[in-house]
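Whatever order the structure lists ligands and atoms in, that order sets their numbers, starting from 1. This structure is a prediction, so every number in the text was calculated from the model and none was measured.
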Amino acid sequence: MTGSPSRPPRWVDFHCHLDLYKDHAALIAECDHEQVATLAVTTTPKAWLRNRELAARSDHVRVALGLHPQLVAERESELPLLEHFLPNARYVGEIGLDAGPRFYRSFPAQERVFARILRACAEQGGKVLTVHSVRAVGKILGHIERELPPERSRVVLHWFTGTAAEARRAVAFGCYFSVNGEMLRSPKHRQLVGGLPADRLLTETDGPFVEFDGRPMRPRDVRQTVADLALLRGVSTEDMGHTILANLRTILTEARG
Ligand code: MN
């Protein structure tokens, strides 16, 4: 996503689980062919190395180092491994908090892990984070405000479902939002996304967890989300696409540490 790709990106998928598709390697080639700047998130630090190896020669795919909050109950012991890789990772995710009924029991452990990762990112600087915040937006923002000064890294809130007041709080602290097709199917979330500042918007698929045409969404399908977002916000698809690409460039410039 950074550097000088032979062809510039045309689309942005800032949160996709490429390693959960059967055709992981083919998907990377597809991202390059279709010029989709794609952030491949991982759910455990062990997955990061293999993802990096596969994407090593890709112009458009970058890999994020993650420890998914839904896996913290079983995988908290992998936190030292994440910390070991972190100095070599510019992108961090999927990380965050999940207070949904299935994961609430591990919430104290999730908070420990999340705070430790934020603190390490603040020390090292220059990171770009993609953050999960299911039923925990207030807690997420509290941790970020305490641990990660905006000038030390950039935070992208993935699949944000907080209130308008929480969105304003996140904007005030420099956060961005990556919007997916499923969010735009919910009237409540459409209204929220419609009110976000244009200069804080990115797109994502969260594939394979979000479907499109009855199949898991692929990074190249993100153009549909750009078109939907443009319609919602009353701008042309072309302008929406340019805004999102400009926002990605801004994030990567700002997050130089
Ligand atoms: Mn995800």
Side-chain angles (χ1 to χ4, degrees), residues 1 11-24 27-28 31 36-48 50-52 54-55 61-75 78 82 89-104 106-107 110 113-114 117-118 121 127-137 139-140 143-144 154-162 170 175-186 189 193 201-212 215-222 224-225 248 251:
M1 228 175 295
W11 313 98
V12 178
D13 179 356
F14 208 71
H15 188 112
C16 186
H17 297 263
L18 293 186
D19 62 358
L20 300 183
Y21 295 77
K22 282 195 192 101
D23 56 346
H24 184 176
L27 259 183
I28 292 172
C31 291
V36 189
T38 301
L39 187 60
V41 297
T42 56
T43 56
T44 72
K46 280 180 184 160
W48 184 70
R50 173 72 180 142
N51 269 263
R52 287 255 293 198
L54 278 171
V61 177
R62 296 295 178 267
V63 180
L65 172 65
L67 181 49
H68 199 293
Q70 294 176 349
L71 298 181
V72 161
E74 311 93 68
R75 304 289 191 122
E78 290 185 35
L82 184 142
R90 176 150 202 228
Y91 301 91
V92 182
E94 180 161 1
I95 58 168
L97 298 174
D98 193 316
R102 286 172 57 210
F103 307 105
Y104 194 78
S106 67
F107 202 77
Q110 293 180 39
V113 167
F114 186 56
I117 296 172
L118 292 180
C121 289
K127 310 290 189 200
V128 182
L129 284 63
T130 174
V131 174
H132 173 113
S133 57
V134 168
R135 297 201 191 179
V137 174
K139 289 275 191 181
I140 286 282
H143 281 286
I144 293 170
R154 277 287 166 262
V155 173
V156 181
L157 297 170
H158 131 76
W159 204 327
F160 179 85
T161 56
C175 296
Y176 287 73
F177 303 84
S178 54
V179 174
N180 64 54
E182 194 59 40
M183 290 168 75
L184 297 178
R185 285 194 268 272
S186 144
H189 297 142
V193 170
L201 291 175
L202 290 176
T203 42
E204 65 169 43
T205 58
D206 201 16
F209 298 110
V210 170
E211 299 213 328
F212 172 70
R215 57 168 174 80
M217 210 163 174
R218 301 169 76 84
R220 67 175 182 205
D221 301 319
V222 82
Q224 184 60 49
T225 304
L248 177 62
I251 290 173

Item to complete: Identify which one of His132, His15, His158 satisfies the ring pair (Phe, Tyr, Trp, His ring centres under 6.0 Å) criterion when paired with His68.
Response: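 Result: among His132, His15, His158, His132 is the only option passing the ring pair (Phe, Tyr, Trp, His ring centres under 6.0 Å) with His68.
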Worksheet item: What is the name of the N/O/S atom in Glu94 that sits closest to the Mn ion (ligand 1)?
Response: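 Checking each N, O and S atom of Glu94, the shortest distance to the Mn ion (ligand 1) belongs to OE1.
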Practice prompt. Measuring from the Mn ion (ligand 1), name the closest N, O or S atom belonging to Asp206.
Written response: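 Of all N, O or S atoms belonging to Asp206, OD1 is the one nearest the Mn ion (ligand 1).
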Worksheet item: Where the Mn ion (ligand 1) is the centre, what is the NE2-to-NE2 angle for His15 and His17, rounded to 10°?
Response: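 Nearest ten degrees: 100°.
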Worksheet item: When Asp13 is tested against each of Asn180, Thr203, Thr205 for side chain to side chain donor-acceptor pair (under 3.5 Å), which residue passes?
Response: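 The option that passes is Thr205.
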Item to complete: Please report the closest heavy-atom contact between Val155 and Ile144, naming both atoms and the distance.
Response: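 Between these two residues, the closest heavy atoms are CG1-CD1, 3.8 Å.
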Worksheet entry | Short side-chain donor-acceptor distance under 3.5 Å, Glu182 and His189 |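 The answer is no; no qualifying pair exists.
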